[in-house]
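See structure below.
Every number for a ligand or one of its atoms is a count from 1 in the order of the listing. Start at 1 with the first residue, then count along the sequence.
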Amino acid sequence: MRVLLADEPGGPVHAGLTAKPRLPRYPPIWAESRQEICECLEYFRSYQGGVYSKNDVVKGYLLGAFAASRDLFFHDGKLIISHGGGKSENFVDSRAGRQLRLAQDQTASDKSVRALLRNYKEGRPLVLLADDQYALFPFDLSASGYTYIVLGIYWISHAWAEYQPAPTYSSHIIRWKFAFQWCQNQGSPWWPIAEGGIASLPEPLAGKVDPDFQCEKCSQKSPVVYKQSGMCLNPDCVGFWKTNGRNPESLEYSEEFLRFQPRTFKILPSLTPTLGAHQTTSSYSCCPGWHCIHCGRLSSRFKWECWECSHCHAYQPIEWKMQNAKDFWHLQPTNEFTDFRITRNSGITKCLPNVIDLGSGRGFMTRQTFVLPSNIGRIHLITGGPLSVREVDEIFQVYQQQASCGELKLQRYPLRTHKVRGTLLTNYFSQNSGEPYKYVGEAANSVPLAQAPNCVQAALDMIKERVHLAINSRLQFNEVLTAAYLANQKMSFHSDDEKGLGPVVASLSLGSPAVMHFRHHITAAGPSQPNEIVMSLILRHGNVLVMEGHGVQIHFEHNVIPTDFRIAATARWITPS
Ligand SMILES: O=C(O)CCC(=O)C(=O)O
Ligand SMILES: [Fe+2]
């Protein structure tokens, strides 16, 4: 009987991989992007790396491109040996392709190794996933677009350290290895047994267990992994990885070690995501992922009004539950300040607040102005008085109605640059009216301003009026981006640097309060550190925020972190191209 290993000539890592057959059916759970995996599966929420742990326990483990010596897919995948987590030799950069990175020793105290060792010691099962670059899976996943698949639930039968040659250097590095065994109460693995596949032991070698190897130097016991000889596998011992005082040259697993150990667990985690349909529709659990029962594909929620499968377009509508602004009154975005905070060395100055009459008995608004250093721009925060609350509440209601009936088409659009495998959608929903806006969907996400839904028109009218009174000029806006955030969604740091952008950007906030942070643009770092936040403002229901002057966008970036469900309409002028 011969076992084909990952690094053996003719083995899957070599020869780019002798053609593998396609999977004859859909995997039960699969995805095309890392985001779909992370948004749909609570046992794999890691956008980077191959190990996802929570409270020091591993929930999910991704088998990927880099195979170490003696990695193994055995007993048709019921026994998988892999090197555990972190400090890999290579990584994929979306722009530069595969890169080599300095390989380092793994240690038992590394975050991922430590968590895997805890699963091992406490007998906790975890979920194994594989991507289309995992060479040992006997089917070609990439040919069918199955970038990520869920294999099933496994437990760790052995954990040990090895010395492995470092591919980029002539030295050796320490790698922790883990033997994952299929949890028997799942029945058989879902993938077919590949014809002419990797050999399996015909029968488990029942009953026979090799005694552990006890090291004379450190007295620790190590499992007998290799058929050539037992040896000390404690990396802290001077006798580590030595037989007769020397590093062994070639090793094969002992047959006994490769025994499949059938084991059942009382409770196993559910592999498929559960919908948060019983939750308030503006909660995050209603947002992310959807598992298609027809084709197995995981899809991020990219439409406002339904979950839709990105593969076969099956869908499930979402019935929107209306939210009132007062549902969010009690929320405080931060305990550190109530309205704004400016760091001491930022050079930003605050003017005295100004009270401005809205006219026609409609009450007052307050303008608070912040002047940026060297007068490169100004930021105004405009707060409406109590008389304008009804008007603002109504805009918030109409927004929700028009979004839920599809008149306002809110979607999540792909980000243009990022470092995550597959498409990465924005962490908020948006719709653009007027001139196309390059950051979200461009022309595909735009309706002419004259045909914009009423909610957008009403928001724009309010913005125009407030801006006119606040900075005393009648400005034209020809673009309005509506951003809708469910709880836990946000807009990351960016600047509004669209080509042809006018000097004033103004937004109306609706729903839950948010905090807006400003920091220096990476290329324009001033006296503060590049990542240091220099100013933070609280944006509340009905506030209008005005960024005045190109300098605001050239020198600063901003982000927005709402406390819960929130809608913002941001108006700009963009010179038509
Ligand atoms: O959500 C907001 O208040 C602002 C959004 C924003 O920064 C933008 O649309 O560029
Ligand atoms: Fe912005």
Side-chain angles (χ1 to χ4, degrees), residues 282 325 328 331 333 339-340 372 377 379-383 392 395-396 399 403 408 410-413 415-416 426-442 445-446 452 455-456 459-460 462-463 466-467 477-521 533 535-574:
S282 61
F328 309 113
L331 295 173
D339 294 311
F340 64 89
L372 300 182
I379 292 167
H380 313 272
L381 182 60
I382 302 165
T383 313
V392 180
I395 300 176
F396 188 40
Y399 250 116
L408 173 76
L410 287 170
Q411 286 204 22
R412 292 168 69 199
Y413 289 89
L415 285 166
R416 288 151 47 109
T426 54
N427 199 8
Y428 57 88
F429 294 80
S430 69
Q431 188 271 355
N432 197 68
S433 299
E435 275 303 301
Y437 191 51
K438 75 173 178 193
Y439 289 111
V440 269
E442 306 214 37
N445 176 24
S446 211
C455 51
V456 175
L460 179 59
M462 177 167 280
I463 292 169
R466 304 275 150 114
V467 170
F477 295 104
N478 62 355
E479 183 261 350
V480 179
L481 179 80
T482 297
Y485 308 83
L486 299 178
N488 290 340
Q489 291 194 305
K490 62 173 186 176
M491 195 179 284
S492 304
F493 273 106
H494 68 284
S495 47
D496 298 10
D497 54 3
E498 180 89 16
K499 202 161 160 254
L501 184 83
V504 174
V505 175
S507 61
L508 170 68
S509 291
L510 303 166
S512 79
V515 60
M516 184 177 210
H517 296 295
F518 288 84
R519 69 177 186 194
H520 281 287
H521 211 286
I533 287 162
M535 179 167 79
S536 306
L537 305 173
I538 306 292
L539 308 179
R540 296 182 200 282
H541 181 64
N543 286 176
V544 172
L545 188 276
V546 186
M547 295 185 269
E548 185 188 4
H550 285 117
V552 183
Q553 311 299 340
I554 294 168
H555 297 275
F556 292 88
E557 296 182 315
H558 55 274
N559 73 352
V560 179
I561 307 170
T563 44
D564 202 313
F565 172 50
R566 174 173 180 270
I567 294 175
T570 303
R572 304 176 183 84
W573 170 266
I574 296 169

Open item on the list: Less than 4.5 Å apart, side chain to side chain, heavy atoms only: is that true for Trp573 and Val504?
Closed with: no
TODO: State the count of protein N/O/S atoms located less than 2.8 Å away from the Fe ion (ligand 2).
DONE: 3
Task: Sequence-distant partners of Tyr399, ring pair (Phe, Tyr, Trp, His ring centres under 6.0 Å), two or more places apart - done: none
Task: Asn432 side, atom CG; Leu481 side, atom CG - distance, nearest 0.5 Å - done: 5.5 Å
Pairs of nitrogen or oxygen atoms, one from ligand 1 and one from the protein, closer than 3.5 Å: please tabulate them with distances.
residue, atom, partner, partner atom, Å
ligand 1, 1 (O), Tyr485, OH, 2.5
ligand 1, 1 (O), Arg566, NH1, 2.9
ligand 1, 3 (O), Arg566, NH1, 3.4
ligand 1, 3 (O), Arg566, NH2, 2.8
ligand 1, 7 (O), His494, NE2, 3.2
ligand 1, 7 (O), His558, NE2, 3.1
ligand 1, 9 (O), Arg572, NH2, 3.1
ligand 1, 10 (O), His494, NE2, 3.1
ligand 1, 10 (O), Asp496, OD1, 3.2
ligand 1, 10 (O), Asp496, OD2, 3.4
ligand 1, 10 (O), Arg572, NH2, 2.8

- [ ] Using the side-chain contact (heavy atoms from CB on, under 4.5 Å) rule, take Val560 and Tyr428 through it: C-alpha gap first, then chi angles, then the decisive distance, then the call.
- [x] CA-CA 11 Å; Val560 179; Tyr428 57 88; over 6 Å; no
Open item on the list: Ignoring hydrogens and geometry beyond distance, is a side-chain donor-acceptor pair present between His558 and His517 at under 3.5 Å?
Closed with: no
Open item on the list: Any heavy-atom pair between the side chains of Thr383 and Arg540 that's under 4.5 Å?
Closed with: no
- [ ] Check the pair Thr426 / Leu415 against side-chain contact (heavy atoms from CB on, under 4.5 Å), numbers first and verdict last.
- [x] CA-CA 6 Å; Thr426 54; Leu415 285 166; 4.0 Å; yes
Open item on the list: Between Ile463 and Thr570, is there a side-chain heavy-atom distance shorter than 4.5 Å?
Closed with: no
Task: side chain to side chain contact (heavy atoms under 4.5 Å, CB included) involving Ser512 - partner list, sequence neighbours excluded - done: Phe328, Leu331, Pro562, Thr563, Asp564, Arg566
